[in-house]
*Asks:* 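Take this structure, written in structure tokens, and hold onto it; I'll ask about it next.
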2 protein chains.
Amino acid sequence: MATGALVIGLDFGTDSVRTLIVDAHSGEEVASAVEAFPRWTEGRYCDPARNRFRQHPLDHLDALESAVREALSRAPPGTAERVVGITADTTGSTPGPVDRAGLPLALLPGFADDPDAMFVLWKDHTAVAEAEEINHVARTWGGEDVTKYVGGVYSSEWFWAKMLHILRGNPRVRDAAFSWVEHCDWITAVLTGTSDPLTMKRSRCAAGHKAMWHAAFGGLPPAEFLTRVDPLLAGLRERLYAETWTSDVAAGTLTPDWAARLGLRADVTVGVGAFDAHLGAIGGEIEPYVLCKVMGTSTCDMLVAPLDEMGDTLVRGICGQVDGSILPGMLGMEAGQSAFGDVYAWFRDLLAWPLVGSGRTDLHEEAVQRLVDGIVPALSAAAAALEPDAAGVVALDWLNGRRTPFADQSLKGALAGLSLGSDAPRVFRALVEATAFGAKSIVDRFRIEGVPIRGVIALGGIPKKSPFVMQTVSDVLDMPIRVARAEQTCALGSAMAAATAAGVHADIPTSQRAMGRGFETEYRPDPARSAIYRDLHGRYEQLGGFVANQFTPRGT
Amino acid sequence: MATGALVIGLDFGTDSVRTLIVDAHSGEEVASAVEAFPRWTEGRYCDPARNRFRQHPLDHLDALESAVREALSRAPPGTAERVVGITADTTGSTPGPVDRAGLPLALLPGFADDPDAMFVLWKDHTAVAEAEEINHVARTWGGEDVTKYVGGVYSSEWFWAKMLHILRGNPRVRDAAFSWVEHCDWITAVLTGTSDPLTMKRSRCAAGHKAMWHAAFGGLPPAEFLTRVDPLLAGLRERLYAETWTSDVAAGTLTPDWAARLGLRADVTVGVGAFDAHLGAIGGEIEPYVLCKVMGTSTCDMLVAPLDEMGDTLVRGICGQVDGSILPGMLGMEAGQSAFGDVYAWFRDLLAWPLVGSGRTDLHEEAVQRLVDGIVPALSAAAAALEPDAAGVVALDWLNGRRTPFADQSLKGALAGLSLGSDAPRVFRALVEATAFGAKSIVDRFRIEGVPIRGVIALGGIPKKSPFVMQTVSDVLDMPIRVARAEQTCALGSAMAAATAAGVHADIPTSQRAMGRGFETEYRPDPARSAIYRDLHGRYEQLGGFVANQFTPRGT
């Protein structure tokens with residue numbers, strides 16, 4: 001292959017797609033560009049009040065073309081000719097219905113404006129009832145519990161629940177849908193012209209973590225189970241897939257048409273796609289037994305461990321364990337917190353109410369925005385000046401339910417130990433400590449099941465901008481935390497996967513070593529604070545036990 | 001007695017003394033005046049960080065003279081000559097050390113600036129350790145539990161604890177103090193020149209509710225008990241009092257000196273003093289089995305019941321039951337919430353932090369104050385527009401500990417059921433509901449002990465200015481609440497007591513009927529909301545049970 005080979009990482013986020021062009025040997029950035037999804041930006045096809053979030057496939061194609069062309073236009077002359085590989089990550093589970101040819105229904109005449117014919121975004125919560133039914137049948141149908149490899153609880157955010165919800169509610173889509181695809185699979189299929197639903201290269205991570213695919217089932221869950229959930233699912237197992245692929249594998253090369261649209265050569269290798277967090281973990285240089293935390297509004301916590309060392313270990317209460325879902329040849333495990341930065345945003349909005357919500361202010365909009373933007377930084381500074389207080393406020397971070405351990409979206413948050421002296425910095429500090437205790441509960445869950453955690457890597461927005469939060473998490477975990485230097489770890493991880501799929505490197509770990517940007521900061525725990533937090537964590541668990549076992553109303 | 005007789009009610013509050021001159025027959029107001037305590041206003045002798053609050057006796061005398069003269073100056077000519085009675089209420093327990101002549105030590109040379117030689121204000125919390133020791137000895141000394149008539153728990157805010165704290169810490173005061181007086185007893189003694197500590201007319205309510213005086217003990221608790229608490233208390237029982245007096249009794253007439261200072265006739269009758277809340281209940285027209293609630297930053301809840309109907313009933317978990325403490329001939333019972341309006345003020349200050357506490361605002365002080373002042377009214381309007389939500393936020397109002405039921409100052413407040421959608425009005429509504437549930441717990445405590453509650457009267461600042469709070473309390477109690485029309489019920493109650501002591505009326509109930517101002521509003525419960533609150537009260541009690549029984553660290 002040519003010296004000076006370049007690769008492209010595509011990162012399809014919630015609002016936009018990012019194109020990152022990097023040197024396939026050094027990982028050095030050549031150019032990048034971000035393009036927003038135009039229809040999504042206008043709020044089309046969504047109904048936030050009902051938690052319905054859909055994306056039109058044209059948004060993805062239009063933005064993809066613009067972002068790649070824009071990045072190339074910013075790069076030195078001759079860049080396009082040097083590109084040898086391209087891989088896409090997307091959000092997920094973000095499935096959509098396709099016809100026999102693998103074309104998303106929204107691209108067919110008569111379906112262009114039907115939200116049910118589009119991709120059902122990861123955060124769409126319309127399928128709560130269907131998820132409950134799947135869980136119920138999984139526990140009662142008499143066969144093996146098909147949720148055992150996804151942590152024991154199937155979520156309304158996942159593939160089967162969303163598919164069933166739309167099949168039930170929309171007969172036109174039901175009749176027209178031959179099969180279903182995840183967003184990351186479809187992008188790869190489009191670029192390579194391999195979109196036959198029966199043979200397109202499906203992503204291992206999407207299949208294993210969201211569709212209950214597992215080698216032990218010979219693929220997707222048994223047809224008998226699926227029809228027990230709903231006869232509408234009959235036959236789908238055969239029209240979906242049995243084989244899945246890891247992201248070091250090439251799916252094909254660009255079609256002449258897409259090579260022309262993007263301005264690239266037609267022999268560019270396209271790698272198998274995957275979810276953003278998983279390729280982000282690769283970009284953040286995940287390694288065995290080092291927990292890789294993507295920390296933003298919520299967290300996604302990923303761990304990999306050699307298959308032979310894990311044996312038959314089932315890690316209960318996490319969000320899934322899948323052979324090769326993150327790093328090929330390793331068991332990939334996922335966990336997470338349903339709210340992390342969102343907890344701080346909730347408190348910011350609470351405090352901003354007199355300025356924003358009361359309808360009484362006569363301040364200029366700009367002055368209000370400046371005040372609101374200043375709240376979390378000011379709270380962080382004031383809270384950082386306090387010491388942990390074993391007799392002070394204790395918070396529970398479940399304001400958006402609990403993802404790990406043992407997913408339960410019905411749980412809620414709490415504040416205890418409040419006195420008239422509990423001022424805003426003290427409450428904020430307790431909220432930050434609570435999110436850190438939530439992080440500790442995830443580490444504890446792995447350790448209880450015998451899986452060691454030997455280090456922590458942090459990615460995402462919070463690690464870059466919140467030293468107080470990061471120091472608190474380090475103190476609570478009593479572990480050092482390394483913060484990845486790369487700004488765009490997802491796109492970088494996609495580029496590393498592309499470099500592997502294109503044969504520049506032998507495997508993904510080699511790509512990581514060659515192309516990794518390393519770490520910019522390491523937070524180290526303070527022994528005195530860690531000791532106090534060991535006590536305070538007991539109070540957090542006491543409060544959590546009360547909320548989970550006594551205070552939350554349960555269906556019969 | 002002269003037609004057109006007038007009486008004066010004096011109300012010594014925390015910051016100032018109010019003088020109210022009223023017609024002894026109609027209760028009609030002739031004039032009033034308020035005078036702040038000058039040294040107190042400057043913050044002298046206090047250390048809020050250590051919860052030390054002391055008042056100089058000169059503050060009381062100076063302000064008393066000014067306030068009476070100011071009120072008389074505002075009244076029509078001839079007013080002074082028509083005054084036939086005067087009675088003072090004060091805060092309490094607010095004891096101070098006196099010499100053999102009954103002179104507060106701070107009025108003696110060498111003690112003028114010693115805070116321990118002054119009155120120890122009701123809210124002074126320096127005597128926490130002493131209260132714990134009194135409670136410990138009461139449970140373990142082998143004799144009768146002397147706290148049985150004060151609800152079973154002796155408070156750091158009360159007479160013996162404060163006295164012991166100062167006797168231990170200040171040898172000079174210990175040597176100089178012959179006896180101790182409550183503020184309300186001393187004012188009466190000063191005006192009548194009957195200040196010999198061995199014979200001055202001590203108030204029944206102060207003695208019974210705060211000093212554990214009871215007929216069953218032949219007066220104050222047994223000397224043996226007191227010396228078991230600390231030998232420093234030896235001999236004090238004899239230098240204090242055995243007899244106590246109700247507020248319908250005349251203590252004497254004005255001394256010529258005080259008649260001259262105040263500009264009144266020397267034959268004016270001075271009634272036995274009492275605590276502000278108790279004379280406030282009289283001014284608010286308390287009657288048997290009608291709970292009289294003084295609702296402000298905290299609440300004082302008072303109930304009277306005929307002695308013969310109560311028999312030997314011991315109401316556990318309240319703050320005391322004393323023969324004649326409120327109405328002569330009735331058992332006077334007291335309960336309360338440690339924080340009521342203070343709970344709302346806490347939330348206001350939390351929300352005001354970005355404006356006031358963050359140090360980042362560049363707004364004008366006046367604009368900030370306007371915004372802060374608008375927070376509770378705006379929250380009330382927004383919260384009132386919501387409906388009770390059985391699945392929403394649940395709060396616990398113990399942000400300043402719990403007074404009733406079963407006083408426990410170590411308890412703290414809580415918020416549960418928080419989600420990302422729990423905005424400021426929803427949290428505020430939960431806090432208001434929590435204070436209402438706290439009010440219900442007091443009503444329940446009486447009813448559980450077999451004492452019926454047949455009506456509710458509300459006095460104080462909150463009933464006048466917070467219709468949303470009052471409606472919520474009515475809905476939660478599922479009872480109507482009448483709001484007293486009088487603005488200054490304490491001073492009016494003192495005037496009613498003065499009219500009785502001076503012989504204008506035969507007894508206090510007759511004074512109440514003649515001089516009462518009636519009620520201005522009646523809140524009536526909404527049956528639909530009351531039904532939801534019955535469920536929500538269960539969740540409040542669940543949360544309270546967790547905090548009290550599992551979450552609060554206990555000494556061994």
Side-chain angles (χ1 to χ4, degrees), chain A residues 338-339 342-343 345-355 357-363 367 370-372 374-375 377-379 381-382 390-396 398-401 412-425 427-428 539 542-543 545-547 550-553, chain B residues 338-339 342-343 345-355 357-363 367 370-372 374-375 377-379 381-382 390-396 398-401 412-425 427-428 539 542-543 545-547 550-553:
Chain A
S338 298
D342 270 350
V343 173
W346 168 77
F347 193 57
R348 176 199 64 210
D349 292 346
L350 193 81
L351 267 53
W353 189 85
L355 294 161
S358 70
R360 288 178 56 93
T361 174
D362 46 2
L363 298 173
R370 208 167 45 239
L371 275 165
V372 173
I375 291 176
L379 282 172
V393 186
V394 180
L396 194 62
W398 302 338
L399 279 84
N400 196 25
K412 299 204 175 161
L415 283 165
L418 294 169
S419 74
L420 294 178
S422 303
D423 59 8
V427 174
F428 181 71
R539 288 173 69 71
Q542 243 185 333
L543 183 58
F546 166 70
V547 167
Q550 298 171 55
F551 194 70
T552 305
Chain B
S338 298
D342 271 349
V343 173
W346 168 77
F347 193 57
R348 177 200 62 210
D349 293 347
L350 193 81
L351 267 53
W353 189 85
L355 294 161
S358 70
R360 288 178 57 94
T361 176
D362 46 2
L363 297 174
R370 207 167 45 239
L371 276 165
V372 172
I375 291 176
L379 283 172
V393 187
V394 180
L396 194 62
W398 302 340
L399 278 85
N400 196 25
K412 299 203 174 163
L415 283 164
L418 294 170
S419 74
L420 295 178
S422 303
D423 60 9
V427 174
F428 181 72
R539 288 173 69 70
Q542 241 185 334
L543 183 57
F546 165 70
V547 167
Q550 297 171 56
F551 195 69
T552 304

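In what follows, every heavy atom counts, from backbone to side chain, and hydrogens, waters and symmetry copies are set aside. Just so we're on the same page: letters track the sequence lines, and every chain starts at 1.
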*Asks:* Look at B/A414, B/A345, B/A424, B/G413 and state which one has the largest set of heavy-atom pairs under 4.5 Å with chain A.
*Replies:*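 Heavy-atom pairs under 4.5 Å are most numerous for B/G413.
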
*Asks:* Could you tell me which residues satisfy ring-ring contact (aromatic ring centres under 6.0 Å, His included) with A/F428, sequence neighbours excluded, listed by chain and number?
*Replies:* A/Y344

*Asks:* Should B/V427 and B/L379 count as side-chain neighbours, where that means a heavy-atom distance under 4.5 Å?
*Replies:* no

*Asks:* By a 4.5 Å heavy-atom criterion (distance strictly below it), what part of B/L543 contacts chain A: side chain, backbone, both, or neither?
*Replies:* both

*Asks:* Tell me every residue that passes salt bridge (Lys or Arg N to Asp or Glu O under 4.0 Å) with B/D342, counting only those two or more places apart in sequence or in another chain.
*Replies:*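 So B/D342 forms no salt bridge (Lys or Arg N to Asp or Glu O under 4.0 Å) with any residue.
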
*Asks:* If you tally heavy-atom pairs under 4.5 Å against chain B, which of A/A339, A/A352, A/P425 wins?
*Replies:*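 The option with the most such pairs is A/P425.
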
*Asks:* What's the separation between atom CG in B/L420 and atom CH2 in A/W346, rounded to the nearest 0.5 Å?
*Replies:* 9.0 Å

*Asks:* Determine, step by step, whether A/V547 and A/K412 satisfy the side chain to side chain contact (heavy atoms under 4.5 Å, CB included) criterion, reporting the C-alpha distance in whole Å, the side-chain angles of both residues, the deciding distance to 0.1 Å, and the verdict.
*Replies:* CA-CA 8 Å; A/V547 167; A/K412 299 204 175 161; 5.5 Å; no

*Asks:* Can you tell me which portion of A/V393 sits under 4.5 Å from chain B's heavy atoms? Options are side chain, backbone, both or neither.
*Replies:*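 Neither; nothing under 4.5 Å.
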
*Asks:* Report which part of B/V394 has an atom under 4.5 Å of a heavy atom belonging to chain A: side chain, backbone, both, or neither.
*Replies:*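 Interface part for B/V394: side chain.
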
